[in-house]
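Let me begin by presenting the structure, written as structure tokens, before commenting on it.
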Amino acid sequence: MTGIFLCSCLGEVCGRAELEKAAGARVFPGERLCTPQGTASMAVSIREHGVDRALVLGCAAAQVDAVCASLRKAACLGTGRVRALRFAKRGNAEGRAASVRAALAALDLVPEVRTRKTKPNREVLVIGCGATGRAASEALASLGRTALMTEAASVTDIRGSAGRFTVRFRNVGGDGENARTFGALIVAAGLPEPDASRKPFVPGRIIPLADLSDRLSGLSRREFPASLAVVLDMEIDETRAGFEEACRACLDAKSLRPVETWVFLHDARVAGPGLEDLYDRAREAGVQFVKYGGRIRLDAAGSGVKVRARDTVLGEEVEISCGLAAVSGYGLATPADAELTAMLGIGTDALGRLQENNIRLLPELTGRAGIFVAGACRGATYGPDAVRDARNAALSAHELLSRPVETELSHAVVDGDKCALCLTCVRLCPFRAMTVNAEKKQAECVPESCMHCGLCAGECPNKAITLPLWSDGIILALSGAAPDAASVAKEKRP
Amino acid sequence: MSDTQPQGFKAGSNLEKVLAAGHFAVTAELGPPKSADAEAISVKAKFLKGAVDAANITDNQTAIVRVSSIAAGYLALQQGIEPVIQITCRDRNRIAIQSDVLGAYTLGLRNILCLSGDHQKFGNHPTAKNVYDMDSIQLIALLKKMRDEKKFACGDEIRSSKKAPLKEPRIFIGGAENPFGDPLEFRAARLGKKAAAGVDFIQTQCIYDMERFEEWMRQVRNRGLHERVKILAGVTPLKSLGMAKHMRDNVAGLSVPDYWIDRLAKAEDKAAEGIKMCVEQIERLRGIEGVAGVHLMAIEWEDRVPEIVKGAGLLPRPVV
Amino acid sequence: MKGGIVALCCENSGWKALASLGDDPVLDGVEAVRLPCSGKAETGMMLKILEKGAAGVLVLGCPKDDCTFLRGSARAQKRVAVARAALKDAGVGEERVRMEFISSVDTPRLAEAIRAMKAALEAHEGKA
Amino acid sequence: MITAVRKPFDEIRDLVKGYDRLLILGCGTCVTVCMAGGEKEVGILASTLRLADQKDGRSREITEATIERQCDREFFDAVKEKMAAADAVLSMACGVGAQFCGEVFAGKAVLPALNTKFYGTTEGPGVWSARCSGCGTCVIADFGGICPVTRCSKSLLNGPCGGSSKGKCEVDPANIECGWQLIHDRMKLLGRLADLEAVQPLKDWSTGRDGGPGRIVKEDATL
């Protein structure tokens, strides 16, 4: 039986009789429904009269939404069984009656929605054994949660959803694979080494900054370069980690041999503990910092390297030649390892790092529930930032797995007869909830991964996908365009 | 039309004899008119008379309808110019092509250039259906089969009836080659295929990037192809700066280095400078081992051909 | 303006902005429909709503780099483009379907967008 | 799959202008996968036609349906009544389905809503490109698994023409890759570049379209 709860604030706007006639349903006028007492009185009426669908009419949408939420709990009505309708104070009676009828029509189409609780697997997999990975494992341990650490290279496949990921690994010996399930994944895979074979590197003359120290220490007095240039911000904005590495490398070089050193950068990044002091020590030791604007040109001409850039302080072109040049890996666009990104099925930013360009996901979330990112692989390359990331990710993973994963079974439903397996939904779903069921030869939604956004239903070329709580029928009913009976009947129930 | 069996020559055409005698051959191009105006052909032929060993008669070049190559070729022959007929694979299937070859031979035409042909999209009938029953290399092999095996594509012997004597069309077979087209490393191999298919002479696309052409010739010599095939280097004198830029930017598979554009830009009389550069280029081409002649494609500039050939010291043409 | 405007609202942004407009007269003739995401608004749905007599359909989605479901408003934008092309084909004027990227606090801009749409519809009606 | 694109709306509108009861029939297989004729496209086309009719003040009944395939007779049973009630069918199937629909419902006006294009593959979401022309004698083994008949604008069998530049075909440098560049690169990868130097003989075209409309009879499967 459908019950309409009319809040007193709309008293003079439309009378109970008029509403009952228009809607053909039982009307329960109530006092201040948005207050806890109002909600309690409604819950009582629902239980007493066996109301299974409730339409709450109130003055302002915000309050009415809140009332529905609390009413669902109080009267234990399933999701979607309580609908709110904001009544505009103005507008004529006929308009109001029409919108009530539309809301009721939508309510009739709402199916029974069950929820499913699944005990999540308690273990967390940390991908990446660098500093960030270790920080995440330690944070998890302090939260009393077991964690397994592995290198990205050994992961061959990732399936499943929050609470139940199945990950396949290459066996240590290298032959064959094994699989294990985890509740959550923390990706701390760091940035891949800059590929020394690509531009701007020239073996022995222009090398990655990370290799500078061990290269210099291996050189004899004769081979040691008389002058050395470190280049930051070459392709993308440098990080504090790159700036710190540059200062340390120059100081190390000067401690080995007297050598003239330059650091070319857009600007000094000193916002971090000890960085200001490091910068001063480097300058006192004679390291020349050149602030350049725009592009910088490195030519490995003859035996040395020519560096040309526009010095923004002097406002003119500067050219120096030195024995060896080192370019910071952080200042180069080095996308995350493509294979890992594909396995994880999460978005990347313009530079191909594991940080989809969406503020909702900052700092450690990804499009997929249960998969978190931390450290350099998402762009937080500076040590202290990466550690903080690791702790955030550990906390989020811990929170997720410390309570059963409750899934509302109102996920997208695929009608196998109409699905042409065109894979549009599988490719489109931002949350990798859509998979292919090979036996049934159709696409199928993983309830735990589904975020009920309806993108798949909106794009399916054969309209084979329905979102139970947001079916075409319900939406058309709510938009005053009553659905024709035939199309409503065909909609699949969960 | 002399029907005698030329001793030792494949077809006995003037071009074949000039090349066989080791002279530096000169061929030009005569674009037939886009109308039924026979006069236009003889006017152009007059310019070329005595200045070239043979003149290519294009076959609906860039897929634009013109007088057919065989008809225009026959008219040029009457003006005393030996034509090089062109057959593209775009417009005719193997039946039509073989019948055209028989027809051309009966009219005394001896040289045929085998081309894949420009895609109809570039011409004035972009919605036409194309044929491409075969490609230029298969066409070369077909002409060789007709000449040397005296057989049609299907294997039937070329004779009017069972008892009649074999009357095969003896054709001096030509092919085109673009030394600058991608994939660059396959170009020399492709010339090798044409040689294997039985081509007798090659006319290259117009050359501006001399370095790349010399590199291509090196690869050709490495394969010994310059001994099996007579290679004529294609040149096109630049009439204006606009034409130079157009060739560089809009013609696929053609590289026009900057020094052509810069020199033209500086010159007062652009046309004269174009002619001068073309003459210099021909002299430089004569120095490249394996280049047996030059193919002068003076597009709608036939009247300046004698001047260029004379400038390059290639007059008078040998009488063989 | 004959028939109203149906606003297909993403419940995370457009719906909240619309709700906070309260009883602003700009909402006269505007029927708000709540969707989980603007990415659920289908081209066919928009056209069917117009068929049933609505004057216009306004799709309200989150700003593209702030979309709760990451690609919802980007997909909605493409589907609105298809709907507009269809309306242009049908000769009924493409301004009858429109997309606006509204965050939940963008109330002034939402009101402005509704006014602009109403004006466009009236202008077209005058012409039709 | 067989790929197709919808005809421009004005052309469709012109095709159906004489009919008052129209059924728009979608097909749930190939043209659904290439997003041309599935139930979604049927809905969009139907609504667009109705909106156009409303504007012109033309009263017309347009019904919609989509069946599994329009190239198998039995699937049409699902729409027998709708078909009977309509005096014309706008078929959103490929050319095969549109024609077969006309055969199944002989005497009923059946009009195509799509232009069928080629046998193609999905390059990426929303992008399809040709791979085969159905010549009846597959030769791709000689070309590293890439078909010169389809992927080369001139179907050349013995190597690239002069118009290949930077891997693109001169006919449409923005969209068409030079088939022969692909073949060359693949054969190089397979270490079989030398095989391309053999002169391919004239091709037998009679096994394809040039041999007349195709027909296959698989004896064991006939009843």
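Reminder, nothing fancy here: chain letters follow the sequence lines and each chain counts from 1. Computed from heavy atoms alone, side chains included, the values below leave out hydrogens, waters and symmetry copies.
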Between D/Asp10, D/Ile44, D/Leu49, the one whose heavy-atom pairs under 4.5 Å with chain C are most numerous: D/Ile44
Evaluation steps, side-chain contact (heavy atoms from CB on, under 4.5 Å), between D/Leu51 and C/Glu51: CA-CA 6 Å; D/Leu51 286 167; C/Glu51 253 188 76; 4.3 Å; yes
From NZ (D/Lys40) to CE (C/Met45), nearest 0.5 Å: 12.5 Å
Straight-line distance of D/Glu11 CD to C/Asp89 CG, nearest 0.5 Å: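 It comes to 12.0 Å.
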Could you list the donor-acceptor pairs under 3.5 angstrom formed by side chains in residues 98-111 of chain D, with sequence neighbours left out?
unit_1   : atom_1 : unit_2  : atom_2 : d
D/Gln99  : NE2    : D/Gly95 : O      : 3.4
D/Lys108 : NZ     : D/Met83 : O      : 3.0
D/Lys108 : NZ     : D/Ala86 : O      : 2.6

Selection from C/Leu50, C/Val82, C/Leu47 maximising heavy-atom pairs under 4.5 Å formed with chain D: C/Leu47
Considering all heavy atoms, the nearest C/Ala86-D/Thr48 contact: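 Heavy atoms only, the tightest pair is O-CG2, 3.2 Å.
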Distance-minimising heavy-atom pair for C/Gly44 and D/Ser47: O-OG, 4.3 Å
